[in-house]
Protein chains: 2
Amino acid sequence: MSNACAHHDHHHALAADTKSQRLAEAETLCAQAGERMTSSRLRTYELILEASGPIKAYDVIDRFHPQGAAKPPTVYRALSFLEQMGLIHRIESLNAFVACDTRDHPHAAGFLLCDCCGQSVEFAIPNVADIEVSATNSHFQIKHITLEARGLCGACRGHA
Amino acid sequence: MSNACAHHDHHHALAADTKSQRLAEAETLCAQAGERMTSSRLRTYELILEASGPIKAYDVIDRFHPQGAAKPPTVYRALSFLEQMGLIHRIESLNAFVACDTRDHPHAAGFLLCDCCGQSVEFAIPNVADIEVSATNSHFQIKHITLEARGLCGACRGHA
DNA sequence: GCGCGTTTGTTATAATATTACACCTCGCGC
DNA sequence: GCGCGAGGTGTAATATTATAACAAACGCGC
Ligand SMILES: [Zn+2]
Ligand SMILES: [Zn+2]
Ligand SMILES: [Zn+2]
Ligand SMILES: [Zn+2]
């Protein structure tokens, strides 16, 4: 987490077994979709899974190789692919990326984002129908909804 | 509008009299808040009002002076100020800024954004209470909600 | 006029993201 | 097996978005 909270530690990163399970699921998902889960894509996804919250593209770039950074297009291309597959979500208000929490890809999602420790929580957007009504009233056809709520998580609310 | 739609013209820019009214209202708002509406801030607000939709920071920078661009910090400072006063909203998914449509500042707002012509429509976020419930369930305290729905406006839906 | 906090000017640089083009790799038709 | 074409990758350069740091000027209360 780039915006680490100094007051305490959070341990939201995935356990190793969960991570390899997620990687395997991703391979299956791609195979079923007739897409190729290449090594760049898998490595990018792995780094996002390892992160304890939304991670910046350049943090992925820096960690990509043991011996040195990747070139930006390598990672940005992988990020686009993973986002299209629904395996990750882009957090617009942070310019960052987070692994999707669910097993149904792709889907719309809302996020709670802690301004102190950087942790994120994915949730189902409530009342999408009401947003659609606003859109219809303005003759809009919605393709994608971004919903991001910034604030403080329970742990961080304690220490101002 | 930077993402201009080639198929037709939109004319959403403010009429001159409306614009000067808005500028005057902004001066009043700042005076009442004990804040200074300086010339940089007013010029930045004017350019945002003149835009026919969300406008990028660097488009403001380029148009700032008749004879040449402003320096970035000048405009970014003004944008921060205007956003804090609630006179403009930042559109996260576009890295752009749009004048607030209402007369009560500041306030949360949702946006419908046309991917074709770039036009935006501001609307009241429906069922904020339901989002708050999701937050409470996760022990989050929300400070600010970003809601941006991307899609096609009525005019642009016609020409696929 | 003086002191003090705010605002601005200026330079430089950081952080985020894309374009362009050459090459490579894989699956498919033959 | 071979050639072809689509999709994927490597690489260099560049575009776009945003901030840091510090000095100078300004506005207000005294
Ligand atoms: Zn998800
Ligand atoms: Zn937190
Ligand atoms: Zn508004
Ligand atoms: Zn449109």
Side-chain angles (χ1 to χ4, degrees), chain A residues 1-4 26-27 30-31 33-45 47-48 51 54-65 67-85 87-98 118 146 148, chain B residues 1-3 26-27 30-45 47-48 51 54-65 67-85 87-98 118 146 148:
Chain A
M1 118 198 42
S2 53
N3 179 26
E27 302 231 43
C30 289
E35 300 285 347
R36 290 192 272 168
M37 180 51 97
T38 64
S39 65
S40 301
R41 291 165 176 181
L42 204 59
R43 176 63 176 148
T44 299
Y45 187 44
L47 287 167
I48 292 171
I55 183 176
K56 302 259 185 190
Y58 271 77
D59 289 337
V60 175
I61 288 168
D62 291 342
R63 297 174 197 175
F64 197 85
H65 294 301
Q67 74 281 17
K71 301 293 171 62
T74 302
V75 168
Y76 278 103
R77 290 195 277 231
L79 291 170
S80 296
F81 172 82
L82 295 169
E83 194 180 5
Q84 286 197 290
M85 297 302 292
L87 291 167
I88 64 172
H89 297 285
R90 178 181 169 89
I91 308 295
E92 300 286 356
S93 63
L94 297 175
N95 293 334
F97 301 84
V98 71
T146 296
E148 299 171 9
Chain B
M1 117 196 43
S2 53
N3 178 25
E27 303 232 40
C30 290
Q32 284 170 357
E35 298 286 346
R36 291 192 275 171
M37 179 51 96
T38 65
S39 65
S40 300
R41 292 166 173 179
L42 203 59
R43 175 63 176 150
T44 299
Y45 186 45
L47 287 167
I48 292 171
I55 183 175
K56 302 258 186 188
Y58 270 77
D59 288 337
V60 175
I61 287 167
D62 291 342
R63 296 174 197 174
F64 197 85
H65 295 300
Q67 74 281 15
K71 302 292 172 59
T74 302
V75 167
Y76 277 102
R77 285 168 180 152
L79 291 170
S80 297
F81 173 82
L82 295 168
E83 195 180 6
Q84 286 196 291
M85 296 301 293
L87 291 167
I88 65 172
H89 297 285
R90 177 179 168 90
I91 309 295
E92 301 285 358
S93 64
L94 298 175
N95 293 334
F97 300 84
V98 71
T146 296
E148 299 172 9

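Keep in mind it's a predicted model, so treat the numbers as computed, not measured. Here is the naming used below: chain letters follow the sequence lines, and residue numbers restart at 1 for every chain.
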Derivation and outcome, side chain to side chain contact (heavy atoms under 4.5 Å, CB included), residues B:D59 and B:L47: CA-CA 9 Å; B:D59 288 337; B:L47 287 167; over 6 Å; no
Residue pair A:R63, A:I55: steps toward the side chain to side chain contact (heavy atoms under 4.5 Å, CB included) verdict: CA-CA 11 Å; A:R63 297 174 197 175; A:I55 183 176; 3.5 Å; yes
Please enumerate all protein N or O atoms sitting under 3.5 Å from an N or O of nucleotides 22-24 of chain C, with distances to 0.1 Å.
none

Taking only nitrogen or oxygen atoms into account, show me every contact under 3.5 Å that the protein makes with nucleotides 27-30 of chain D, one pair per line with its distance.
| from | atom 1 | to | atom 2 | distance (Å) |
| --- | --- | --- | --- | --- |
| D:dG27 | O4' | B:R36 | NH1 | 3.1 |

Just the atom pairs and distances: protein N or O near nucleotides 19-25 of chain D's N or O, under 3.5 Å.
| from | atom 1 | to | atom 2 | distance (Å) |
| --- | --- | --- | --- | --- |
| D:dA21 | N6 | B:R77 | NH2 | 3.4 |

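Shown for residues 88-98 of chain A: no residue has heavy atoms falling under 4.0 angstrom of DNA chain D.
In this structure, CE of B:M37 is placed 18 Å from P of C:dT6, rounded to the nearest angstrom. For the pair A:H65 NE2 and D:dG10 P, the interatomic distance rounds to 7 Å; values are reported in whole Å. The distance between atom CD1 of A:I55 and atom C1' of C:dA15, rounded to the nearest whole Å, is 15 Å. With rounding to whole Å, A:D62 atom CG is found 14 Å from C:dA17 atom P. Between the CZ atom of A:R43 and the P atom of D:dG10 there is a distance of 14 Å, given to the nearest Å. For the pair B:D59 CG and D:dT17 C1', the interatomic distance rounds to 12 Å; values are reported in whole Å. Residue B:L79 contributes atom CG, which lies 13 Å from atom P of D:dT17 at whole-angstrom precision.
Residues forming a salt bridge (charged side-chain N to carboxylate O under 4.0 Å, His left out) with B:E92 (at least two apart in sequence, or on another chain): B:R90. Considering only residues two or more places apart in sequence or on other chains, B:A33 meets the side chain to side chain contact (heavy atoms under 4.5 Å, CB included) condition with B:E35, B:M85. Among residues two or more places apart in sequence or in another chain, the side chain to side chain donor-acceptor pair (under 3.5 Å) test is passed with A:S40 by none. Qualifying side chain to side chain contact (heavy atoms under 4.5 Å, CB included) partners for A:A69, counting only residues two or more places apart in sequence or in other chains: A:I61, A:D62.
Here the straight-line distance linking atom OG1 of B:T44 with atom CZ of B:F81 works out to 11.0 Å at 0.5 Å rounding. In this structure, NE2 on B:H65 lies 9.0 Å from CZ on B:R43, to the nearest 0.5 angstrom. Within the model, atoms CZ of B:F97 and CG of B:L79 stand 4.5 Å from one another, a figure rounded to the nearest 0.5 Å.
The minimum heavy-atom distance between B:L82 and B:M37, with the atom names listed, is CD2-CE, 4.0 Å. When all heavy atoms of A:V75 and A:A57 are compared, the closest pair comes out as CG1-O, 4.0 Å. Nearest heavy-atom pair, A:E27 versus A:L42, reported as atom, atom and distance to 0.1 Å: OE2-CD2, 3.6 Å.
Legend: side-chain hydrogen bond (donor to acceptor under 3.5 Å, both in side chains) pairs involving residues 69-85 of chain A, not counting sequence neighbours: none detected.
Across its full length, the helix from C:dG1-D:dC30 to C:dC30-D:dG1 shows an angle of 30° between the axes of its 5 terminal pairs at either end, rounded to 10 degrees.
Dashed line: the shortest gap from a side-chain N or O of B:T38 to OP1 or OP2 of C:dT7 is not under 4.0 Å. Side-chain N/O atoms of B:T74 include one lying less than 4.0 angstrom from OP1 or OP2 on C:dG9. Within the structure, a side-chain polar atom (N or O) of B:K56 is placed less than 4.0 Å from OP1 or OP2 of D:dT17.
When each of A:S40 and B:A57 is assigned the nucleotide of DNA chain D with its nearest heavy atom, A:S40 is the one assigned upstream, toward the 5' end. Toward the 5' end of DNA chain C, the nearer of the two residues B:E35 and B:K71, judged by each one's closest nucleotide, is B:E35.
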